[in-house]
Amino acid sequence: NSCRDRAHWHQRCERCFMTGHSTNACPEIWRQYHITTETRTPLKPKGKDRGRTPAYCYNCSRRGHFGHVCTRKRMFNGTYPSTPFINYYDTKKEIKSRGKW
Amino acid sequence: LFNSGSNTGGCDGYSGTPWKVRNYSEGIIGLHEEVSDFFEYISPRPEEEKMRLEVVDRIKGVIHDLWPSAEVQVFGSFSTGLYLPTSDIDLVVFGKWETLPLWTLEEALRKRNVADENSIKVLDKATVPIIKLTDSFTEVKVDISFNVKSGVKAARLIKEFKEKYPVLPYLVLVLKQFLLQRDLNEVFTGGIGSYSLFLMAVSFLQLHYRDDVCSPNINFGVLLIEFFELYGRHFNYLKTGIRIADGGCYVAKDEVQKSMDSYRPSMLYIEDPLQPDNDVGRSSYGAMQVKQAFDYAYVVLSHAVSPIAKYYPNNETESILGRIIRVTQEVDDYREWIRKNWGSPSQ
Ligand SMILES: [Zn+2]
Ligand SMILES: [Zn+2]
């Protein structure tokens with residue numbers, strides 16, 4: 001069991017570069033559809049989204065950064081934050097190569 | 001009686017997902033479609049509103065016979081429209097009394113057969129004393145309080161946020177159903193109140209990283225999973241509290257404690273936008289159970305919409321939302337009964 005846990009820790013996603021999940025299980029795969037409501041390639045927002053200002057941190061409650069970059073202790077050890085921003089939107093071809101997705 | 005429980009299978013093939021009227025697209029798009037259909041299904045129907053208004057009128061009649069100048073107002077979910085088929089009706093009576101006439105009204109309601117003898121209770125020791133009853137004809141539960149203005153004000157605030165964030169009703173009704181069937185929808189059963197839940201959803205939207213939460217083509221499925229992700233995984237209940245006022249922010253709980261004369265903020269600290277010294281989450285001892293349930297929903301849904309799940313396609317019976325919520329046959333039957341009795345003939 002502990003071996004499997006360790007393997008899990010060391011997983012680093014090649015898609016969003018966060019630790020704690022594999023590329024196949026990246027939340028960005030569903031998150032990239034945030035403004036898409038029908039089956040098609042995901043729509044990209046116009047302009048770059050730098051996020052809400054000011055930012056508030058769900059972890060330490062402070063202003064100026066988002067929770068996923070917070071360096072303070074988390075409520076539970078072993079929870080890994082994920083980035084709320086979309087690093088990459090899939091192309092039609094990439095979705096096809098993953099099956100219907 | 002009509003509460004939902006684990007009995008969702010049914011021997012005549014009742015699926016527990018009566019909102020599912022079509023096959024859904026794959027993955028997260030399918031979840032969006034399904035949340036939308038669930039909302040269509042669960043939203044109050046005209047005949048349900050009609051039936052509830054009759055209940056209100058019956059009780060109003062009894063109150064006005066006792067005190068002709070008393071004013072009766074509806075607040076809570078029946079006034080905001082964010083109610084489930086089995087939700088309570090909240091009433092408040094305004095009038096001039098030396099002591100609250102709880103027992104006088106209780107007796108009158110019983111004599112007039114509005115409520116069954118054993119369905120009516122007076123909670124006179126509660127922080128807000130109320131009469132609880134079940135309308136004998138419709139089985140609708142009603143709470144009656146006296147001279148309390150906060151509920152009416154809260155209902156007004158809720159309506160304003162509904163205008164501001166069109167996605168709110170979709171999220172809130174799914175979340176209410178989710179908590180209801182786990183008995184986490186009331187403070188005294190170890191859950192959280194519906195005002196707390198609503199404010200959590202508002203804060204989630206106010207402080208959302210991406211600015212697109214008001215966008216007309218927002219994906220409901222993404223937002224629902226992100227809600228579960230925030231409050232099930234990431235939100236630090238020990239350190240962080242929620243403030244809704246002035247556009248919203250987070251507050252440090254230890255600073256709240258300092259500023260409030262050593263009042264210890266509750267696990268789920270939510271500053272009441274209508275009264276900043278009131279902690280809406282106070283007495284939500286079940287906040288951590290709610291967190292656990294949200295985490296579970298996050299795991300189930302995020303897995304169900306991932307490409308890994310596509311190896312088990314079963315579109316005919318498949319429901320992604322049905323993995324975390326079900327509507328019992330009892331509730332579906334109850335709504336059918338209401339349709340028969342209060343629906344317009346053309347329906
Ligand atoms: Zn990733
Ligand atoms: Zn932080």
Side-chain angles (χ1 to χ4, degrees), chain A residues 20-40 42-47 49-63 65-70 72-76 78-86 90 94-95 97-101, chain B residues 25-33 36 203-204 206-213 215-223 225-226 229-231 233-243 247-256 291 295 298 301-311 313:
Chain A
H21 62 259
S22 66
T23 312
N24 272 339
C26 184
E28 197 171 292
I29 296 171
W30 52 265
R31 216 188 301 274
Q32 65 180 320
Y33 290 87
H34 59 109
I35 48 169
T36 307
T37 54
E38 46 197 84
T39 306
R40 49 161 298 153
L43 293 164
K44 292 182 201 175
K46 293 188 190 85
D49 192 355
R50 282 184 188 81
R52 174 195 204 283
T53 43
Y56 285 99
C57 175
Y58 54 63
N59 187 46
C60 72
S61 82
R62 279 165 235 285
R63 184 185 154 127
H65 64 272
F66 288 117
H68 68 289
V69 296
C70 188
R72 280 165 219 262
K73 195 175 179 306
R74 309 264 152 188
M75 189 172 173
F76 294 100
T79 44
Y80 293 93
S82 45
T83 170
F85 300 111
I86 313 302
D90 286 336
E94 283 158 326
I95 292 166
S97 73
R98 258 195 274 128
K100 277 196 202 161
W101 264 86
Chain B
S25 309
E26 269 186 85
I28 194 74
I29 303 295
L31 182 58
H32 170 83
E33 293 164 351
S36 188
S203 175
F204 162 71
Q206 280 181 327
L207 303 184
H208 202 281
Y209 325 82
R210 298 185 307 267
D211 278 332
D212 54 26
V213 291
S215 147
N217 57 340
I218 192 81
N219 185 306
F220 301 150
V222 171
L223 276 187
I225 301 179
E226 286 182 332
E229 185 184 34
L230 175 62
Y231 292 113
R233 302 233 127 167
H234 298 324
F235 190 78
N236 191 330
Y237 293 81
L238 297 171
K239 299 269 179 234
T240 305
I242 292 170
R243 175 178 290 157
C249 66
Y250 290 136
V251 290
K253 279 170 77 174
D254 47 12
E255 271 154 42
V256 172
K291 176 214 174 286
D295 189 30
Y298 171 73
L301 290 186
S302 61
H303 183 262
V305 299
S306 87
I308 306 161
K310 77 166 189 262
Y311 298 110

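Below, read A as the first sequence line, B as the second, and so on, with proteins coming before strands; counting in each chain starts at 1.
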Look only at the side chain of Asn219(B) and the backbone of Thr37(A), and say whether a donor-acceptor pair between them is shorter than 3.5 Å. no
* Asked: Would you call Met75(A) and Leu238(B) a side-chain contact if the rule is heavy atoms closer than 4.5 Å?
  -> yes
Of all heavy-atom pairs linking Glu229(B) and Ser82(A), the shortest is OE2-OG, 2.7 Å
Taken to the nearest 0.5 Å, the spacing of Trp30(A) CH2 from His32(B) NE2 works out to 15.0 Å
For Ala55(A), the side chain to side chain contact (heavy atoms under 4.5 Å, CB included) test, sequence neighbours excluded, returns Phe66(A)
The side chain to side chain contact (heavy atoms under 4.5 Å, CB included) partner of His34(A) among Ile28(B), Leu223(B), Asn217(B), Asp212(B) is Asp212(B)
Looking only at heavy atoms, the pair that brings Tyr209(B) and Pro84(A) closest together is CD1-CB, 3.1 Å
The interface call for Phe220(B) against chain A, heavy-atom contacts under 4.5 Å, is neither
Rounded to the nearest 0.5 Å, the OG atom of Ser302(B) sits from the NE2 atom of His21(A) at a distance of 10.5 Å
- Query: Does some side-chain heavy atom of Ser203(B) sit less than 4.5 Å from a side-chain heavy atom of Tyr58(A)?
  - Reply: no
Bottom line for Ile242(B): the part with an atom under 4.5 Å from chain A's heavy atoms is neither
Side chain to side chain contact (heavy atoms under 4.5 Å, CB included) filter on Thr240(B), not counting sequence neighbours, yields Ser61(A), Phe235(B), Asn236(B), Tyr250(B)
OG of Ser25(B) to CZ of Arg40(A), rounded to nearest 0.5 Å, is 13.0 Å
Shortest non-hydrogen pair, Tyr80(A) vs His234(B), comes out as O-CE1, 3.4 Å
Applying a strict 4.5 Å limit to non-hydrogen atoms, the region of Tyr298(B) in contact with chain A is side chain
Judged by atom type as modelled, is there a donor-acceptor pair below 3.5 Å linking the side chain of Arg62(A) to the main-chain atoms of Ala252(B)? no
Residues Arg52(A) and Leu207(B): closest non-hydrogen pair is NE-CA, 3.5 Å
Cut-off 4.5 Å, heavy atoms of chain B, and the answer for Cys57(A) is backbone
In this structure, OH of Tyr33(A) is separated from CG of Leu31(B) (nearest 0.5 Å) by 13.5 Å
Self-check item: Lys239(B), NZ: over 12 other non-hydrogen atoms inside 6.0 angstrom
Solution: no
Between Cys249(B) and Tyr56(A), the two heavy atoms sitting closest are CB-CZ, 3.2 Å
Counting heavy-atom pairs under 4.5 Å with chain B, the top scorer among Glu38(A), Arg74(A), Arg63(A) is Glu38(A)
